[in-house]
Each structure stands twice: as C-alpha cells, then as structure tokens.
Amino acid sequence: MRQSWTEMPKVPRKKASLGERDAGFHGTTPYTAADSTIDTLAGYQPENRAVDSEILPGRDKVTARARDLVRNNGWATGAIAKEVDSVIGANFRPLLKPDWRALGLSAEWAREFKEQVEALWRVYADDPRHFADTTRSQSVPQMFATAYRSYLIEGEALALVNWRRYRPTKTTMRLVDTDLLSNPMDMADSERLRGGVEITRDGISRAYHFRQGHRNASYAQSADAMRWKRVAREGRYGRPQVLHFFDKQRDGQTRGISRLAPIVEKLKMEDHYSRVELQAAVINAVLAAFIKSPMGPEVIDEFFGEEGDGSGFLNYQAARSDFYKDRKGLSLGGARVQTLYPNDEIGMVNTARPAAQFADFESAVLRHIASGLGISYEQLASDWSKTNYSSARAAMIEIWRGFTARRTSFAHGFCQPFFMAWLEEMVIDGHLKLPQGAPDFYAFWPAYARSKWIGPGKGFVDPVKEAQAAAMRVSLSLSTLEEEAAELTGTDYAENMAQIQAEIAAMPENALHPMQESFAKLLGPAVYQQDTPED
C-alpha cells in the first residue's frame, strides 16, 4: 500500500548558521545580490535615483577633478591624447554618400554632387584664416578634436552654430565651455529645467541657458557672470543652433558625466603612490651616507647639566663643526680617506626602495585604468615589451571596435548636424544647384547630407599581412576598396584614384606604376597563383 505524502516522515532541517548565510547559502532573498544579511554586502546600500539626481549634484566636482588629473597626471594626459588622435585625428572629414535612391535621382548625379560638396567643404573647413570658427582660432577638424576632448574629460561636447553675415561662409561654430550651461540665477533644478536645459513634456531638449561669463574668472566680470542667454535648440526650418553631445545611459538624462569618473580614485591613488616611490628613490640617490654621533641620553643630560642652559651641548657641536669645516682628509696612494671626529661613525642609507613589486603593482593598476578608458594597457603604458603579433592584433581589433563606435556616435551627434547646417547655406545661397525636379531640400535634408566620417586609419601591426587580408576581403566581395582605404589609412579612395591616374600619366614611357602590377600578386603565391602573361 502506497503511503500518502501527508504520512511521510519529515526530515528535520538544520538551521542555517551565520557562516552559511554569510557564504550565501541560506540567504533571505532569492538573489544574493539583494541580501542585506551577508556581511560583505551589509554596508553596501546604494539607492535607486532619477538619472539627473545622480549626475547633476556632483557633476561640477567630478569635472573639476577630471580636469586636474588631465593637467597633472601623465597617464590621464596620455590616455586622452591617444584617444583624440585615434578617433578624430588631424583631418576628420565627411565622405558624402547622398542617398540617390531615396531622392529618386541617378548615381551619376550622386557622384558629381559628392565631388562638388566635398571640394567646397575642404575650402571651408581647412581655410587657414579660420572663418568657420566664430572666434577665428581653429579649423573645423581642430574644433572637432577640441570638442571630443571636452567630451572625454567633461562628459559632453557643447557648441553654438552661429551666422556671421559678413564672412565668406556665414555658418560658423562657437565651442562653449560646459561650465556656462546652467540654470538662470543658479536656481534649483526642476521638472522642466535641469542643468541649464529646458525640457519639454516629451523629454526633448528645447532650449539651453548659457551664463555670459564664468563665475570663477580671474578678471572682474560680475555682471556677465550673473547674466544668462536662452538659445533654442533649433531655428527656423530645423536648422541646428546648439550642438550638445553626451553619452545617454538612461532615460531622462539631461547632461553628461566625465568618462574618467569611474577611475578618478584609481588615477589619484596611483599618482600618489608613484610620487612616494620616486621621492624615496631620489632620497636614496642623494643621501648615500651620513655621520652618526655617539651621543646618548646620559651624555645629553651631562651636557645640559643642572643649570639647563645647554652650554656644554652647544660647545660640543661647535667643536665638531670646526673639525669638519674645510677638512679634506688624508690622501693615500691617490685615494681620499675622510677623518672623523672622535667617536663619530659613518652610516649608510638602506637602498631597498623603490619596492621590488612596484612595476607589477603599477601594471595592474594601469590595466584597470585602461579598461575603464576603453583602451589597451599597451596603448596606455606604451609598453609593448610583452606583446607578440597575435596579442597585438587581437588588442587592436578589440580597441578599434570601441574607437569606431565612439567615432560614429560623435560624428552623428555633433559633427553631422553642423555639416547639415553648412550644406543648407550652400544650397540656399546658390553655391550648390539641385537638378530640375529634385525633391525639396528641407523634406529630404538627411538624404542630401548623408555622410560617412573619416578619421585616422587603424594602422598596421604587420603591413604585408594587413594588405593581403584587405585584398582578400575585396576579392571575396566582403568589403570595398573605399572601405579598406578609409579603415586602414584614413584616406578617400576616390582621391587616391585621381592621384594615381595623374601619376600614371606622368610616368616615363615603358615605366609601370605599381598600381599597374598584377593585383593577384598582392595575395601572395600561397593564396593565389597565376602565370604572368607574356607581353
């Protein structure tokens, strides 16, 4: 006969001990991460807050510390410079790709439009007179680099798109210090105004309030520091007026936070530790030896005597000083031997520091910092001593993926709106003619301005292998020559071909340009073998 479950004997369960609960076996919640009874998590009680409530109250302090580290910490300075050079470089520019299918136009028109627009952009962006900059101090690529640097350090890039009617090209950019974006009269944040940004009911940034002078300037500007100007995000027909780029990590976020925020503490502690070790090394190098006096407590008491005037001690010190003054010691066989005052001894400084583990410890800290910055340890430390081709290649691929994502995000969020504002001027002023029957410019503005932004190339770990791999990708239709030129060398394939055609035309008779050699040879004999045809 089967026994019912109600009649089954109950097995007594052992009550969980404190040690088991601490180890996470019998916690009070299904998830150990939510268990407040575990010693390791008992004091770890972060709060869930609105994203702006997390960022805005401490943003100024985080920004100030990040700026100080970049000014004074070599690792932070190098990391920021390396990323700016890798993502933006010296000639960040658009590669126009008008969507001729969406516009209902021809591919031939798209090629002609592309060449004309890019030529006008080069004249405008690279003008050494810097008419594109409202302050006339930088070219457009330089302004993009400065804006990206601000994004890395302060968490956001901020600029105004101005109109200067008396310049050759009226569209200009004015980079703005992020400290100037603030609530009028420093009022507290509210539902519709936070961090100087006006927000609509749908969460759209509608307008920005800019302080007209920095509140901590070194010169007197009390009136400007307490005056604000409201600038709408967009003007008539949707023309961008304020460029505001930051990493939006949560819904409702209004302002950005420094990319250095998660590693500020590590950078500061590493900086202090390195300084202490360096000071110890300097002291060891400077103070190699010293003279020890045999004076003990009894001798000191005897010198001071009952009167306590210290005359005996002072006389002793004066005698020692006179003894060592201008004393060159004895010379034996060319070697100098220093004579000492009676009962004095030579003491040597222990040169055990810097610590033997300093290099390993610093490497571990730098790996943590590099991970937080999204770059490799080798790039941050410029240490390639323990890296072979395979690991360097893997690191480059991983890091370049992040650089490409950040480049695309920054280009779409900051550079492309400015390019669209410039293109609008070129069209409405008649510098660019649209074909008869072309769609309305404002209705298809993004299609006319569609671009891919080109920065520095990825570079080569092994130039031969990289070139062979690029050739194989193109031959298998996995990529294009335009893509490979942009990724590997940061150049425009159309410009390269135009230059090559000019070089071929200038070659002496019976001389071959390298481009005219068989493309298959680039793949190598092990990959593709083909007999060279006879002339």
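Computed from heavy atoms alone, side chains included, the values below leave out hydrogens, waters and symmetry copies. The first residue in the sequence is number 1, and the count goes up from there.
- Atom-to-atom distance recorded for Arg406:CZ and Tyr151:OH is 6.5 Å, nearest 0.5 angstrom.
- Using a 4.5 Å cut-off on side-chain heavy atoms (C-beta onward), Trp121 and Val140 make contact.
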For this session: Begin from the C-alpha positions of Leu158 and Val242 and carry the test side chain to side chain contact (heavy atoms under 4.5 Å, CB included) through to its verdict.
Result: CA-CA 7 Å; Leu158 193 61; Val242 179; 4.2 Å; yes
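- No salt bridge links Arg65 with Asp68; every basic N to acidic carboxylate O contact stays at or beyond 4.0 Å.
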For this session: Please step through ring-ring contact (aromatic ring centres under 6.0 Å, His included) for the pair Phe410 and Phe414, ending with a clear verdict.
Result: CA-CA 6 Å; Phe410 181 75; Phe414 189 88; 5.2 Å; yes
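- For Ser150 against Ala157, the heavy-atom pair with the smallest separation is OG-CA, 4.4 Å.
- In this structure, Arg230 and His209 have side chains that are in contact, with non-hydrogen atoms separated by less than 4.5 Å.
- Between Asp224 and Arg227 the shortest side-chain heavy-atom distance falls below 4.5 Å.
- When each of Glu154, Glu156, His244 is paired with Thr178, the side chain to side chain donor-acceptor pair (under 3.5 Å) condition holds for Glu154 and for no other.
- For the pair Asp189 and Arg59, the salt-bridge criterion is not met [side-chain N within less than 4.0 Å of a carboxylate O].
- Proximity of a side-chain donor or acceptor of Ser182 to a complementary backbone N or O of Gly196 within less than 3.5 Å is not detected.
- Listed here is the closest heavy atom pair of Ala449 and Ser451: O-OG, 2.8 Å.
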For this session: Could you go through the side chain to side chain contact (heavy atoms under 4.5 Å, CB included) check for Thr135 and Leu175 one step at a time?
Result: CA-CA 9 Å; Thr135 63; Leu175 297 177; over 6 Å; no
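- At distances below 3.5 Å, not a single donor-acceptor pair connects side-chain atoms of Glu265 with backbone N or O atoms of Pro262.
- Across all non-hydrogen atoms, the minimal contact from Ala159 to Met173 is CB-CG, 3.9 Å.
- Lys266 is not listed as a side-chain neighbour of Trp75, based on a closest heavy-atom distance of 4.5 Å or more.
- Heavy atoms only, all atoms of each residue included: Thr172 and Arg164 are closest at OG1-CG, 3.9 Å.
- Remark: side-chain polar atoms of Ser36 are not paired, donor with acceptor, to backbone N or O of Ala42 under 3.5 angstrom.
- A side-chain donor-acceptor contact under 3.5 Å links Trp445 to the backbone of Met420.
- Residues Met226 and Gln212 are not in side-chain contact: their nearest non-hydrogen atoms beyond the backbone lie 4.5 Å or more apart.
- Residues forming a side-chain hydrogen bond (donor to acceptor under 3.5 Å, both in side chains) with Asp85 (at least two apart in sequence, or on another chain): none.
- Annotation: side chain to side chain contact (heavy atoms under 4.5 Å, CB included) contacts of Arg407 (sequence neighbours excluded): Val87, Phe92, Trp400, Pro456.
- Under a 3.5 Å cut-off, the side chain of Arg450 and the backbone N or O of Asp99 do not form any donor-acceptor pair.
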Problem set entry | Criterion side chain to side chain donor-acceptor pair (under 3.5 Å) on Ser274 and Glu270, from CA distance to verdict | CA-CA 6 Å; Ser274 298; Glu270 191 281 333; 2.7 Å; yes
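- Looking only at side-chain heavy atoms (C-beta outward), Asp35 and Leu41 stay at 4.5 Å or farther from each other.
- Within 6.0 Å of CG in Asp186 there are more than 12 heavy atoms belonging to other residues, nucleotides or ligands.
- The backbone N or O of Gln249 sits less than 3.5 Å from a side-chain atom of Gln253, completing a donor-acceptor pair.
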For this session: Report the C-alpha separation of Asp133 and Gln142 in whole Å, then their side-chain angles, then the decisive distance to 0.1 Å, and conclude whether the side chain to side chain contact (heavy atoms under 4.5 Å, CB included) test is met.
Result: CA-CA 10 Å; Asp133 185 358; Gln142 288 173 333; over 6 Å; no
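- Looking at Ser205, its side chain never comes within 3.5 Å of a backbone N or O of Ile199 through a donor-acceptor pair.
- Rounded to the nearest 0.5 angstrom, Thr404 OG1 and Ile399 CD1 are separated by 11.0 Å.
- Asp179 is not listed as a side-chain neighbour of Asn216, based on a closest heavy-atom distance of 4.5 Å or more.
- Side-chain contact of Glu425 with Trp163: a donor-acceptor pair under 3.5 Å is absent, judged by distance alone.
- Looking at Phe419 and Val117, their side chains come closer than 4.5 Å, going by heavy atoms from C-beta outward.
- Put simply, the side chain of Arg255 gets close to the backbone of Leu181: a donor and an acceptor are under 3.5 Å apart.
- Checked by atom type, the side-chain pair Tyr148/Glu83 shows a donor-acceptor distance below 3.5 Å.
- The closest donor-acceptor contact from the side chain of Asn183 to the backbone of Met187 lies under 3.5 Å.
- Counting only distance, with no hydrogens or angles, the side chain of Ser409 and the backbone of Ala405 share no donor-acceptor pair below 3.5 Å.
- With respect to Arg259 and Asp247, no salt bridge is recorded, no charged nitrogen being found less than 4.0 Å from a carboxylate O.
- The shortest heavy-atom contact between Lys248 and Asp251 is CE-CA, 4.4 Å.
- Partners of Ala421 by side chain to side chain contact (heavy atoms under 4.5 Å, CB included), not counting sequence neighbours, listed by chain and number: Val161, Thr171, Arg239, Pro240.
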